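Some notes on the structure that comes next.
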Amino acid sequence: MSSYVAPLKDMRFALNELAGLAEVAKLPGYGDATPDTVDAILDEASKFATEILDPLNYPGDQEGSQWRDGAVSTPKGFKEAYRQYAEGGWSALPFEHEWGGQGLPKLVATAVEEMLTSANMSFSLCPLLTQGAIHALELAGSDALKKTFLEKMVAGQWTGTMNLTEPQAGSDLALVRSRAVPKGDHYLISGQKIFITYGEHDMAENIVHLVLARTPDAPEGVKGISLFVVPKFLPKPDGTPGERNRAKCASIEHKLGIHASPTAVMVFEDAVGYLVGEENKGLAYMFVMMNAARFSVGLEGVSIAERAFQRALAYAKERLQGKDLVQGGKTVPIIRHPDVRRMLMLMKSQTEAARALAYVVAASMDFAARTQDPAARKRYQAFVDLMIPVVKGWSTETGIEIASLGVQVHGGMGFIEETGAAQHLRDARITTIYEGTTGIQAADLVGRKIAREAGATVKGWLSELGRLDLELSKSANTDIQALRMRLAAGAQAVSECVEFIVGTVARDPNATFAGAVPFLKLMGITAGGWQMARAALIAEKKLAKKEGDQGFYAAKIVTARFYADHVLSQAQGLAATVAQGSAAVMALTEEQFLAA
């Protein structure tokens with residue numbers, strides 16, 4: 001099997017040239033994000049991912065986490081790897097110094113997170129959920145809760161979870177039934193939660209569950225949901241874990257992929273819980289976790305795509321089969337064959353586009369959080385809100401496509417577990433489902449982010465694409481001009497769909513939402529094209545000045561051209577589906593779905 005190697009060259013390009021790390025570092029509180037510091041962090045993260053996490057990925061998948069009598073043991077090596085992760089300070093990167101964090105930008109933490117997830121997605125899910133829980137407590141937790149939990153969680157000593165879903169509720173949190181009865185300075189929490197990632201494990205000394213539940217007098221629906229901290233072990237006055245709480249793991253799921261990540265069924269029976277914020281406002285607080293998680297899951301799509309690409313590329317270089325179509329002669333590696341090249345280029349170009357978009361959104365998160373101009377802060381946050389469902393939905397759908405192409409490049413060997421290609425496809429498959437399916441992301445994009453504000457933010461972004469078009473028009477490079485034509489068509493397609501959505505949603509919501517997922521894909525490939533076009537212009541300037549790695553920059557332009565011809569070229573067809581494809585979606589009766 002090939003080993004994971006962090007694509008540091010492309011990551012640094014995306015960080016510095018596209019996401020603007022130098023400008024992010026000028027924001028208040030980010031002075032430590034110097035070029036030398038960030039480079040050292042990336043190098044060390046690369047080593048940790050390659051040397052510690054990657055070797056555990058395949059055996060961890062084969063062994064899986066094991067449940068016995070309420071306790072869960074993670075695969076061999078995971079506990080030690082997590083200890084090294086915590087001791088290395090990786091859990092503390094983006095958090096405030098007040099709680100022991102390193103105070104670094106979200107942008108830097110995003111690059112590190114990508115590496116850890118590429119190397120071992122199952123392992124990375126534990127820190128992912130912990131970070132979301134930290135954000136929720138930072139936002140809404142009382143001073144006492146922050147003092148009790150945050151320092152331990154930031155240090156990685158304690159991990160965190162999200163307890164939302166129940167058997168009858170699924171994604172509809174209005175149906176949550178878990179109860180919270182007040183008792184003195186705390187509440188007694190009772191109910192069952194399902195699909196709880198790392199709800200029980202042996203890697204940390206305590207687990208901090210954030211649980212949605214209803215108080216006795218709560219109103220029905222989502223307006224009656226409150227958020228509670230329910231620790232596995234109740235902290236003693238000195239801050240160490242004390243008595244075991246009545247929060248138990250009833251079982252863990254047997255899943256298609258991410259076998260090493262325990263997905264728990266949690267049962268709470270009068271478990272001690274502490275209210276976060278105010279009663280009946282839990283859903284708003286939980287959305288802080290969910291938005292952070294949705295971005296991270298989108299990054300999982302990028303990460304799994306990169307790993308699948310690397311494995312397929314290594315195999316294509318060593319697998320001998322067939323003759324060269326032009327030169328004939330002896331048997332050649334399959335990377336010489338046009339269709340294999342096409343698949344590898346689909347993998348490479350879409351991964352680079354999705355990475356660049358994720359990094360740009362991460363930088364916008366930093367600006368939204370730290371810039372001192374209120375108008376700019378509002379503008380950056382609106383852009384982040386617009387793009388979160390795109391990063392989550394498009395990147396994960398693309399990640400599955402790329403992982404599937406990885407199996408295809410391997411041919412029959414891709415269907416055999418020992419090559420490792422199948423694991424990437426199995427692991428990737430969950431990413432379009434948890435933290436809100438692609439359909440939910442698309443409905444959020446169309447309903448909340450576009451229709452509700454009559455497309456104001458997306459139209460602002462389209463104006464940015466118009467300014468980029470002017471820059472592209474100045475290039476004499478034929479590849480860049482071809483890219484310009486495709487990107488302009490993509491922007492026009494998005495614009496037409498926005499007008500359709502805004503004009504149709506009130507009078508015919510079914511017609512609007514029937515095309516929501518195709519619209520999300522259109523937004524994704526166009527946003528990816530936006531970043532590929534920016535990358536091509538930067539590469540052209542670097543080549544002209546003979547700066548840096550000339551081969552890397554030349555490849556950037558070629559890759560962008562491929563993306564234009566093979567991915568952006570889908571824009572008009574998707575736009576037609578959005579605007580004209582709804583007629584047959586709802587036309588059949590429920591009985592007509594059965595052919596019998």
Side-chain angles (χ1 to χ4, degrees), residues 2 4-19 21 39 42 46 111 114-115 118 302-303 305-318 324 326 332-360 395 398-399 401-402 405-406 409 468 471-472 475-487 525 527-569:
S2 64
Y4 169 70
V5 178
L8 288 174
K9 193 170 293 184
D10 194 64
M11 296 175 80
R12 286 190 167 106
F13 179 83
L15 280 169
N16 296 314
E17 304 293 345
L18 299 176
L21 177 59
D39 278 345
L42 296 181
S46 173
E114 182 197 331
M115 286 187 261
S118 282
V302 178
S303 303
E306 174 64 40
R307 189 65 187 96
F309 167 62
Q310 288 191 18
R311 193 177 297 282
L313 178 63
Y315 184 81
K317 287 180 175 180
E318 66 184 24
D324 189 289
V326 176
V332 297
I334 61 173
I335 195 172
R336 304 277 182 87
H337 301 314
D339 190 58
V340 174
R341 283 292 183 99
R342 178 191 63 83
M343 290 189 286
L344 291 172
M345 286 297 288
L346 276 170
M347 299 173 83
K348 174 180 170 63
S349 65
Q350 291 183 101
T351 301
E352 291 182 10
R355 171 182 296 120
L357 180 62
Y359 285 20
V360 166
S395 299
T398 302
E401 176 189 338
I402 290 172
L405 283 169
V409 169
L468 177 61
E471 292 299 310
L472 292 168
S475 173
N477 186 293
T478 56
D479 288 331
I480 291 177
Q481 286 308 308
L483 172 58
R484 179 198 175 200
M485 178 186 70
R486 297 290 192 190
L487 182 58
I525 66 172
W530 169 43
Q531 294 307 315
M532 296 300 273
R534 293 181 64 218
L537 283 178
I538 294 166
E540 183 183 37
K541 292 174 183 176
K542 297 285 188 181
L543 289 169
K545 295 178 181 179
K546 294 183 168 43
E547 293 179 358
D549 186 334
Q550 298 288 281
F552 172 81
Y553 293 123
K556 268 292 174 193
I557 294 175
V558 173
T559 304
R561 170 65 188 269
F562 178 92
Y563 185 92
D565 291 342
H566 290 258
V567 182
L568 266 174
S569 55

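Please read these numbers as outputs of a predicted model, since none were measured by experiment.
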> Of all heavy-atom pairs between S2 and A314, which one has the smallest distance, and what is that distance?
Replying inline: CB-CB, 3.8 Å
>> Working note: Q481 + M485, criterion side-chain contact (heavy atoms from CB on, under 4.5 Å); need CA distance, chi angles, decisive distance, verdict.
In response: CA-CA 6 Å; Q481 286 308 308; M485 178 186 70; over 6 Å; no
> Hey, is K541 close enough to E547 for a salt bridge, meaning N to O under 4.0 Å?
Replying inline: no
> Could you state the interatomic distance from OG1 (T351) to CD (E114), rounded to the nearest 0.5 Å?
Replying inline: 9.0 Å
>> Please enumerate all residues that pass side chain to side chain contact (heavy atoms under 4.5 Å, CB included) together with R534, with sequence neighbours excluded.
In response: L18, V360, L468, W530, Q531
> Excluding sequence neighbours, so at least two apart, what forms side chain to side chain donor-acceptor pair (under 3.5 Å) with D10?
Replying inline: R355, K556
> Could you give all pairs that pass the salt bridge (charged side-chain N to carboxylate O under 4.0 Å, His left out) test and reach residues 308-318, with sequence neighbours left out?
Replying inline: none
> Do M347 and E401 pass the side-chain contact (heavy atoms from CB on, under 4.5 Å) test, and can you show the C-alpha distance, the side-chain angles, and the key distance before you say yes or no?
Replying inline: CA-CA 8 Å; M347 299 173 83; E401 176 189 338; over 6 Å; no
> Looking only at heavy atoms, what is the nearest atom pair of S118 and S303, with distance?
Replying inline: OG-O, 2.8 Å
>> Test of understanding: with ring pair (Phe, Tyr, Trp, His ring centres under 6.0 Å), list the residues that count as partners of Y553, not counting sequence neighbours.
In response: none
What side-chain donor-acceptor pairs closer than 3.5 Å can you find for residues 333-343, not counting sequence neighbours?
| residue | atom | partner | partner atom | Å |
| --- | --- | --- | --- | --- |
| H337 | NE2 | Q321 | O | 2.7 |
| D339 | OD1 | R342 | NE | 2.8 |
| D339 | OD1 | R342 | NH2 | 2.9 |
| R341 | NE | I335 | O | 2.7 |

>> Are L346 and Y563 packed together at the side-chain level, in the sense that at least one heavy-atom pair is separated by less than 4.5 angstrom?
In response: no
>> Just verifying a value: how many Å separate E352 CD and E306 CD, rounded to the nearest 0.5 Å?
In response: 8.0 Å
> Looking at CZ of R12 and OH of Y359, how far apart are the two atoms once the value is rounded to the nearest 0.5 Å?
Replying inline: 10.5 Å
> So, for S46 and A6, which heavy atoms are closest and what is the spacing to 0.1 Å?
Replying inline: OG-CB, 3.5 Å
> For L483 and A533, which heavy atoms make the closest approach, and how far apart are they?
Replying inline: CD2-CA, 3.4 Å
> Are side-chain heavy atoms of L15 and L42 found at a separation under 4.5 Å?
Replying inline: yes
>> N477: which residues meet the side chain to side chain contact (heavy atoms under 4.5 Å, CB included) condition with it, sequence neighbours left out?
In response: S475, D479, I480, E540, I557
>> Do M532 and L487 have side chains that approach each other closer than 4.5 Å (heavy atoms only, starting at C-beta)?
In response: no
> If you look at every heavy atom in A356 and A14, which pair is closest and at what distance?
Replying inline: CA-CB, 4.4 Å
> So how far is it from L344 CG to L313 CG, rounded to the nearest 0.5 Å?
Replying inline: 6.0 Å
> How far does CE of M345 sit from CZ of R561, to the nearest 0.5 angstrom?
Replying inline: 11.0 Å
>> Just verifying a value: how many Å separate M115 CE and R307 CZ, rounded to the nearest 0.5 Å?
In response: 14.5 Å
